[in-house]
Amino acid sequence: QVQVVESGGGSVQAGGSLRLSCAASGYRYSRYCMAWFRQVPGKEREGVAQIDNVGHTGYVEFVEGRFTVSQDRAKNTLYLQMNSLKPEDTAMYYCAADRGPSGLGYCRSAIRPGDFGYWGQGTQVTVSS
């Protein structure tokens with residue numbers, strides 16, 4: 001059974017940093033596209049960053065240059081390093097996994113919630129001004 005569990009959220013002042021982790025289990029991690037999403041109450045869940053089975057990464061424009069997605073395959077763990085945080089980054093952050101269109105862990109070009117089948121419970125990030 002595929003499981004992903006996020007951790008590392010918290011409260012930080014604007015300009016600060018946080019690192020989120022996502023521990024994956026129950027599947028062959030290397031054959032999955034992994035992604036981070038975020039959501040604030042009343043708004044749709046939006047993609048943040050993703051990484052595929054060979055380490056290719058993708059980011060949405062509003063985090064590029066500030067956030068870095070990475071993975072440690074030996075630990076089956078996905079990370080999101082968030083620097084220069086802004087109050088508008090406040091959200092619940094979710095980790096998601098999917099085998100991708102080929103079934104081999106390549107990601108699609110866009111980071112869309114509907115393309116991911118496995119989700120964690122989320123970890124809250126709060127950035128104060």
Side-chain angles (χ1 to χ4, degrees):
Q1 182 179 357
V2 176
Q3 285 191 321
V4 290
V5 179
E6 306 93 337
S7 62
S11 297
V12 65
Q13 289 192 328
S17 298
L18 281 174
R19 188 176 81 156
L20 306 182
S21 299
C22 171
S25 62
Y27 64 98
R28 188 172 177 179
Y29 180 89
S30 62
R31 290 187 175 268
Y32 278 71
C33 167
M34 302 295 296
W36 288 100
F37 291 82
R38 70 187 189 186
Q39 188 172 23
V40 297
K43 293 191 175 182
E44 293 187 352
R45 191 168 297 187
E46 60 183 3
V48 174
Q50 65 184 4
I51 186 166
D52 71 12
N53 59 345
V54 293
H56 297 138
T57 58
Y59 300 90
V60 294
E61 186 176 353
F62 54 79
V63 304
E64 195 147 18
R66 299 190 297 125
F67 291 10
T68 302
V69 62
S70 62
Q71 59 190 356
D72 184 335
R73 290 188 180 181
K75 296 181 179 180
N76 283 1
T77 302
L78 175 74
Y79 301 101
L80 184 68
Q81 178 67 44
M82 305 186 294
N83 299 328
S84 302
L85 282 161
K86 305 175 181 180
E88 50 264 43
D89 293 319
T90 294
M92 185 72 79
Y93 282 72
Y94 296 90
C95 172
D98 195 82
R99 296 193 68 178
S102 68
L104 298 175
Y106 293 102
C107 299
R108 295 173 176 84
S109 56
I111 312 172
R112 297 177 299 208
D115 292 332
F116 287 80
Y118 303 98
W119 293 86
Q121 294 300 306
T123 186
Q124 178 67 38
V125 172
T126 303
V127 185
S128 58
S129 57

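Because only heavy atoms are used, hydrogens play no part in the values below, and waters and symmetry mates are left out as well, while side chains stay in. The first residue of the sequence shown is numbered 1, and numbering continues consecutively from there. None of the values given here were measured: they were computed from a predicted structure.
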Please step through side chain to side chain contact (heavy atoms under 4.5 Å, CB included) for the pair Val40 and Thr90, ending with a clear verdict. CA-CA 7 Å; Val40 297; Thr90 294; 5.7 Å; no

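Sorted by first and then second residue, the disulfide bond (SG atoms under 2.5 Å apart) pairs involving residues 32-88 (not counting sequence neighbours) are Cys33-Cys107. Judged as a salt bridge (charged side-chain N to carboxylate O under 4.0 Å, His left out), the pairs with a partner in residues 30-43 (not counting sequence neighbours) are, in order, Arg38-Glu46, Arg38-Asp89.
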Please list every donor-acceptor pair under 3.5 Å in which a side-chain atom of residues 6-17 meets a protein atom from a residue at least two apart or in another chain.
{"unit_1": "Glu6", "atom_1": "OE1", "unit_2": "Gln121", "atom_2": "N", "d": "3.1"}
{"unit_1": "Glu6", "atom_1": "OE1", "unit_2": "Gly122", "atom_2": "N", "d": "2.9"}
{"unit_1": "Glu6", "atom_1": "OE2", "unit_2": "Cys95", "atom_2": "N", "d": "2.8"}
{"unit_1": "Glu6", "atom_1": "OE2", "unit_2": "Gly122", "atom_2": "N", "d": "3.3"}
{"unit_1": "Ser17", "atom_1": "OG", "unit_2": "Asn83", "atom_2": "OD1", "d": "2.9"}

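A 6.0 Å sphere centred on OH of Tyr106 holds no more than 12 heavy atoms belonging to other residues, nucleotides or ligands.
Contact between Val4 and Ala97 at its shortest, heavy atoms only, is CG1-CB, 4.4 Å. Here the closest heavy-atom approach between residue Asp115 and residue Asp98 is recorded as O-CG, 3.0 Å. Taking each heavy atom of Met92 and Gln124 in turn, the nearest pair found is SD-N, 3.5 Å. Between Asp52 and Val54, the shortest heavy-atom distance links the atoms OD1-N, 2.9 Å.
In this structure, CG in Leu80 is found 12.0 Å from CE in Met34, a value given to the nearest 0.5 Å. One finds the CZ atom of Phe67 at 8.0 Å from the CZ atom of Phe62 (value rounded to the nearest 0.5 Å). Atoms CH2 and CE, from Trp36 and Met82 in turn, are 8.0 Å apart once rounded to the nearest 0.5 Å.
Using cut-offs of 30° and 60° for the angle between ring planes, the Phe116 and Phe37 rings count as perpendicular.
Side chains of Tyr59 and Thr68 form a contact here, defined as non-hydrogen atoms less than 4.5 Å apart.
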